[in-house]
Structure formats: C-alpha cells, structure tokens
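For reference, the structure is listed below as structure tokens.
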Protein chains: 2
Amino acid sequence: MLALSDTCRAAIMGHGGLCACLSPSALGHLRAIAGDVRIEAGQTLFQTGHAADALFGVRHGAVMLSRSLDGHRRQILSFHFSGDMLGFAAEGRHHCTATALGRASLCRIPLAELDQDLALQRHVHGILARNVGQALDMQVRLGRMNAAERVRSLLNELCSRLGGGRELHLPMRIAEMADYLGLRPETVSREMSALRQAGLVGSFSPDGVLAITDPTGL
Amino acid sequence: MLALSDTCRAAIMGHGGLCACLSPSALGHLRAIAGDVRIEAGQTLFQTGHAADALFGVRHGAVMLSRSLDGHRRQILSFHFSGDMLGFAAEGRHHCTATALGRASLCRIPLAELDQDLALQRHVHGILARNVGQALDMQVRLGRMNAAERVRSLLNELCSRLGGGRELHLPMRIAEMADYLGLRPETVSREMSALRQAGLVGSFSPDGVLAITDPTGL
DNA sequence: CGGCTCTTTGATATATTTCAATATGCGTGG
DNA sequence: CCACGCATATTGAAATATATCAAAGAGCCG
C-alpha cells in the first residue's frame with residue numbers, strides 16, 4: 001500500500017478524475033487505501049470474466065479496454081490516460097479486458113473500501129455517469145460517421161485529453177486506432193494521409209508523435 | 001404524485017429493474033415519491049441540453065434515447081421497455097433526447113428524492129453500471145458486426161427483453177431499427193427478408209408483430 | 001375509393017475492406 | 001558500424017458490403 005503519488009494526485013484532480021469533489025479528510029483516507037500496480041506494455045490488468053474487486057486510476061501511461069468477438073475481431077472500447085478511472089463492472093465481473101498500451105502504473109482502490117466512503121461513492125457515481133456519456137459518443141461515431149469523420153474526431157479527442165499543444169504523442173498504433181474506430185488499419189492510414197495532404201497534421205513518426213499543423217482546422 | 005401501479009411494481013422487480021434489492025421500507029418510500037408521466041407516440045420526455053432533475057421508470061410502452069448529428073443523421077442509443085430506467089445524465093444535463101415510440105406511461109423519481117435514499121442510490125448505481133455494459137455491447141455491434149449480424153443480434157435482444165415467445169411484438173419501425181444499428185432502413189429490410197427466406201422468422205405484419213419461427217436458430 | 005406512409009425489392013453508386021506490394025524504421029547480431 | 005530481419009505503416013488495385021436512388025406493393029385512415 002502506497003500513498004498516491006504527486007503525479008497521481010495532481011492528475012486525478014481534473015474534471016474526469018477521482019478526487020475533484022472529495023473532502024480533504026476523504027482524500028486522506030483514499031491515500032491510505034490506494035494500492036499500487038505496475039504493468040508492462042501488452043500486459044493485462046484484468047480480463048473478461050474475472051472478478052471485479054477494485055477500481056483503478058491511471059497514474060502514468062495508457063490503458064485500453066477491449067472486447068473480442070469470435071477471437072479475431074477486436075473492438076477497443078476506450079482509452080484511459082493519466083488521471084482516468086477504470087474497472088467499473090456490473091454483477092461483480094469484468095466484461096472487457098484491460099491492456100496496457102505501454103508501461104503503465106496505476107493506483108488500485110478495493111471496492112470494499114469504496115463501500116465505506118460515502119463521498120467517494122458519490123463521486124464515482126459521477127464518473128460512471130460520464131462514462132456512459134462517452135460510450136454514447138462512441139455509438140454516434142461508430143453508427144453514423146464515415147471513416148474521415150471518425151479519424152478526425154479521434155484526433156480531436158486525443159488532442160483535448162492528452163494536451164501537448166502541437167505535438168500530439170499518440171500512445172497507440174494505427175492498429176489500435178482502427179479497432180477503436182471500427183475501421184481497418186489501412187483505412188485509418190489513408191485518412192491520416194488525407195489529413196496530412198490537407199495540411200492539418202504533419203508526419204506520423206513511428207515513435208507515435210504526430211505534429212498538429214492546424215489545431216483549429218481539425 | 002401517484003403510488004407506483006401494480007404493473008410498474010411488478011415490472012421493476014426484474015433484474016434490470018428499479019426495486020430488485022430495495023428494502024420494503026425503501027420501496028414504500030419510493031411509492032410515495034414516484035410521480036406519474038404519460039406521453040403520446042413521438043412526444044419527447046426530455047431533450048438534449050435540458051436540465052436533468054429526475055429519473056424515469058417505464059411503466060408501460062416503449063421509449064428510445066437518441067442523438068442527432070448535424071440534424072439529419074440520427075443515432076438511436078437505446079430502447080427502454082416496461083421496467084427499464086432512463087434519465088441518467090452527467091453534469092445535470094441530458095445529452096440525448098427521450099422519445100416515446102408509442103403511447104407510454106412512466107414513473108418519475110426526482111433526483112432530490114434520490115439523494116435522501118441510500119439503498120435506492122446504491123441500486124441505481126448498479127443499474128448505471130449495467131447501462132455502461134449495454135453501451136459497450138453496442139460498440140461491439142456497431143464497430144465489428146456486419147449488417148446481418150447486427151439485425152440478428154437486435155432480434156435476439158428484443159426476444160429476450162420483450163419475451164412473448166414466438167410472437168415478437170416490435171414497438172419500433174424499420175427506420176428506428178436502422179438508426180439503432182447504424183444501417184439504412186433498406187438494409188434492415190433486406191436482412192429481415194433474408195432471415196425470412198432462411199426460415200428463422202415469419203412475416204413482419206405492419207402492426208409490428210414478427211413471428212419467430214426458429215428461436216434457437218437466431 | 002384515394003392518398004398517405006412505410007416496407008419491400010431492384011439497379012447502381014460508393015465507401016470501405018481485402019489482398020498485395022513496397023517502404024520505413026527499429027533492434028539484433030555479426 | 002553495418003546488414004539483416006522483423007514489425008508496422010503506406011500505397012495501389014480489386015473485391016465486396018452497404019448506401020443511394022428509384023419504383024412498386026401493402027396496409028391504414030380519412
């Protein structure tokens with residue numbers, strides 16, 4: 001059991017974060033109960049069917065949730081970055097798999113502890129409600145947008161969530177973007193090329209850095 | 001303020017319902033605070049941007065949640081039938097529009113009342129978590145299934161949620177199925193025809209009754 | 001009966017996938 | 001340090017699924 005690191009504390013103070021409206025005493029309590037987890041790129045935090053006994057807060061790195069259809073069609077459900085919560089589950093079982101996109105560290109809050117803390121519970125309810133909202137955004141994207149619109153809206157989302165001004169550091173590869181957007185990697189690549197030719201973004205270096213030439217144009 | 005009707009009480013005892021794990025006293029309290037709303041086909045219960053000050057439980061009829069992209073592309077996010085809850089919102093504002101598919105009656109639980117009732121709050125949390133799960137199911141459908149699979153999975157879902165054995169009474173038209181599945185009405189119609197020719201379903205009478213010839217085959 | 005809306009079906013257009021080839025960068029081991 | 005092999009991205013051409021356009025058919029209401 002470690003106390004929340006400064007990185008984590010700072011990160012989760014944000015809007016979608018964990019501690020935004022917690023009283024100082026509740027936050028102190030949280031620091032006492034939050035565990036520490038570190039995983040390497042590609043490793044899973046939990047898998048479909050596993051018992052859900054804790055919530056996680058991303059301290060550093062990026063994590064994705066995904067589900068697989070017949071084993072070779074993968075749908076990525078969400079990306080979680082520094083300050084984001086994950087691990088919500090119905091019926092005490094996870095219905096998706098959490099995989100680290102790179103080396104990641106998280107804090108872990110046992111659900112048992114959550115039951116004790118009323119303020120925390122209420123806050124988690126708010127995060128959950130926001131999660132539903134994001135899932136509905138995804139439904140619109142996947143159901144009604146074409147490939148170009150999907151890629152643009154993803155880049156927009158990543159810009160606002162990851163910040164970094166004109167240097168967008170993408171923690172995922174084209175393949176993951178494709179599985180998130182309901183497209184094939186080739187299609188995502190083509191749309192990125194189109195945005196590049198339109199002068200909205202620069203080159204996509206293989207270390208994941210994408211130059212945003214025209215932030216407003218996106 | 002009306003007490004919950006028997007229909008409603010019976011309906012919401014189910015798994016996704018409202019009162020499944022409520023203590024008798026809490027249920028009594030709920031009966032006292034639940035209001036009554038009736039809307040006609042096509043009318044809205046709330047719209048995107050409106051203040052969210054209550055939860056609703058469908059007593060009778062069917063309600064859909066939808067969002068519109070640029071005004072003429074509509075994505076239907078969910079269907080809600082007898083016993084289902086709706087009205088969850090983040091930040092106190094609705095981010096979608098609730099429309100009655102036919103004449104519908106609902107009970108209305110002001111959020112202010114919810115704050116008073118701890119057991120109710122916890123139960124609502126469970127419903128919300130299940131909602132997230134359904135939204136993720138939709139992501140898989142929209143992102144990774146082809147038209148035939150989407151239509152089949154919708155029919156499966158409706159069979160299990162609406163019951164009725166071999167006579168599935170569909171509360172929505174082809175157009176709504178299409179906007180739910182991210183397809184065009186013509187495509188849905190074609191897939192239904194294919195299922196009919198495959199002997200899995202019967203004819204789709206315009207009053208919305210679809211004969212399920214082979215329930216297991218779906 | 002006539003007009004309306006909705007569904008069904010057909011023909012064509014188009015977006016995206018699929019398949020295939022090439023390129024690019026990266027790490028490894030010589 | 002360079003060459004090789006690997007993984008990933010990019011690009012092209014063909015195939016395919018779905019959308020679009022158009023017309024016909026069916027039921028419902030006035």
Decide yes or no for B:V37 and B:F56: does some side-chain heavy atom of the first lie under 4.5 Å from some side-chain heavy atom of the second? yes
Within less than 4.0 Å of OP1 or OP2 of D:dT10, is there a side-chain N or O belonging to A:R196? yes
Using modelled atom types only, decide if a donor and an acceptor are shared between the side chain of B:N156 and the backbone of B:L218 within a distance under 3.5 Å. yes
Start with the C-alpha gap between B:C96 and B:H94, add the side-chain angles, then the distance that decides, and say whether side chain to side chain contact (heavy atoms under 4.5 Å, CB included) holds. CA-CA 6 Å; B:C96 55; B:H94 287 295; 5.6 Å; no
With a 4.5 Å limit on heavy-atom distance, are the side chains of A:C159 and A:I212 in contact? yes
Are A:E113 and A:R108 close enough, and set up right, to give a salt bridge (charged side-chain N to carboxylate O under 4.0 Å, His left out), and what steps lead you there? CA-CA 11 Å; A:E113 301 286 348; A:R108 181 182 184 279; over 6 Å; no
Run the side chain to side chain donor-acceptor pair (under 3.5 Å) check on B:R141 and B:S153 step by step: do they pass? CA-CA 8 Å; B:R141 255 212 281 248; B:S153 75; 2.8 Å; yes
When you compare the side chain of A:R67 with that of B:D137, does any pair of heavy atoms fall below 4.5 Å? yes
Could you tell me which residues satisfy salt bridge (charged side-chain N to carboxylate O under 4.0 Å, His left out) with A:R173, sequence neighbours excluded, listed by chain and number? A:E176
Taking the nucleotide of DNA chain C with the nearest heavy atom to each, does B:V188 or A:D207 sit closer to the 5' end? B:V188
Any side-chain heavy-atom pair of B:T187 and B:L181 under 4.5 Å: no
Give the C-alpha distance, both sets of side-chain angles, the deciding distance and a yes or no for side chain to side chain contact (heavy atoms under 4.5 Å, CB included) between A:F88 and B:L128. CA-CA 10 Å; A:F88 302 100; B:L128 199 51; over 6 Å; no
Min and max contacting nt of DNA chain C in 5' to 3' order, chain B heavy atoms within under 4.0 angstrom, are C:dC6 to C:dA11
Can you sort out which residues in residues 175-185 of chain A have a heavy atom within less than 4.0 Å of DNA chain C? Ascending by number, please. A:G182, A:L183, A:R184
Test item: A:M85 and A:N131 side chains (from C-beta on) under 4.5 Å apart, heavy atoms: no
Quick one: on DNA chain D, does A:E186 or B:E186 contact a more 5' nucleotide (nearest heavy atom)? A:E186
May I ask you to test the A:R103-A:I39 pair for a side-chain heavy-atom distance under 4.5 Å? no
Within the 4.0 Å heavy-atom criterion, would you say B:S205 contacts the bases, only the backbone, or no part of the nucleic acid? nothing
Send over the distance from A:F204 CZ to D:dA9 P, rounded to a whole Å. 6 Å
Length of the CG-P vector between A:L195 and D:dA9, whole Å: 16 Å
For the helix from C:dC1-D:dG30 to C:dG30-D:dC1, what is the angle between the axes at its two ends, each from 5 pairs, rounded to 10°? 30°
Calculate the interatomic distance between A:M192 atom CE and D:dA9 atom P; express it in whole Å. 9 Å
Distance-only check: which donor-acceptor pairs under 3.5 Å involve side-chain atoms of residues 192-203 of chain A, not counting sequence neighbours?
{"unit_1": "A:S193", "atom_1": "OG", "unit_2": "A:S189", "atom_2": "O", "d": "3.0"}
{"unit_1": "A:R196", "atom_1": "NE", "unit_2": "A:G202", "atom_2": "O", "d": "3.4"}

Return the residues of residues 138-157 of chain A meeting this criterion: a heavy atom under 4.0 Å from some atom of DNA chain D. Order them by number, or give none. none
At under 4.0 Å between heavy atoms, what does B:S193 touch on the DNA or RNA strands: base, sugar-phosphate, or nothing? sugar-phosphate
